[in-house]
Amino acid sequence: MTSKSQATIPQTIREAAGIVPHTDVEFSLRGKDVVSRKTLRTPAARRRCLIRRLRGRASAGMSTDEIMALTRSL
């Protein structure tokens, strides 16, 4: 546990559980044990997360003005 209350999940456990970057994990107590599991999200929540992660990553090689001219001509 770090000073920022962050914990490292060992690679073998991450791989076995299918935990990849941006996976939501929730923690709970079972007696005195801390249990973690992947959070199951609704399809709408998954879409919002995907949009957040992709926002600002597109690269069409065109300027904003060129893209706007294309969309206006449709």
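Remember, it's a predicted structure, so these values are computed and weren't measured experimentally. These numbers come from the heavy atoms of this one structure, side chains and all, not from hydrogens, waters or symmetry mates.
Residue pairs meeting the salt bridge (Lys or Arg N to Asp or Glu O under 4.0 Å) criterion with at least one member in residues 3-25, sequence neighbours excluded, are Asp24-Arg41.
Not counting sequence neighbours, the partners of Ala7 by the side-chain contact (heavy atoms from CB on, under 4.5 Å) test are Met1. The salt bridge (Lys or Arg N to Asp or Glu O under 4.0 Å) search around Arg53 returns none, not counting sequence neighbours. Considering only residues two or more places apart in sequence or on other chains, Thr8 meets the side-chain contact (heavy atoms from CB on, under 4.5 Å) condition with none of them.
Summarising the hydrophobic clusters (Ile, Leu, Val, Met, Phe, Trp, Tyr; side-chain heavy atoms under 4.5 Å, direct or chained), the residues clustered with Ile51 are none.
Thr23 OG1 to Ile9 CD1: the interatomic distance, rounded to the nearest 0.5 Å, is 9.0 Å.
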Under 3.5 Å, which donor-acceptor pairs link side chains of residues 30-38 to any protein atom two or more places apart or in another chain?
unit_1, atom_1, unit_2, atom_2, d
Arg37, NE, Glu26, OE2, 2.9
Arg37, NH2, Glu26, OE2, 2.7
Lys38, NZ, Ala17, O, 3.3

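Of all heavy-atom pairs spanning Val25 and Thr39, the tightest one is C-OG1, 3.6 Å.
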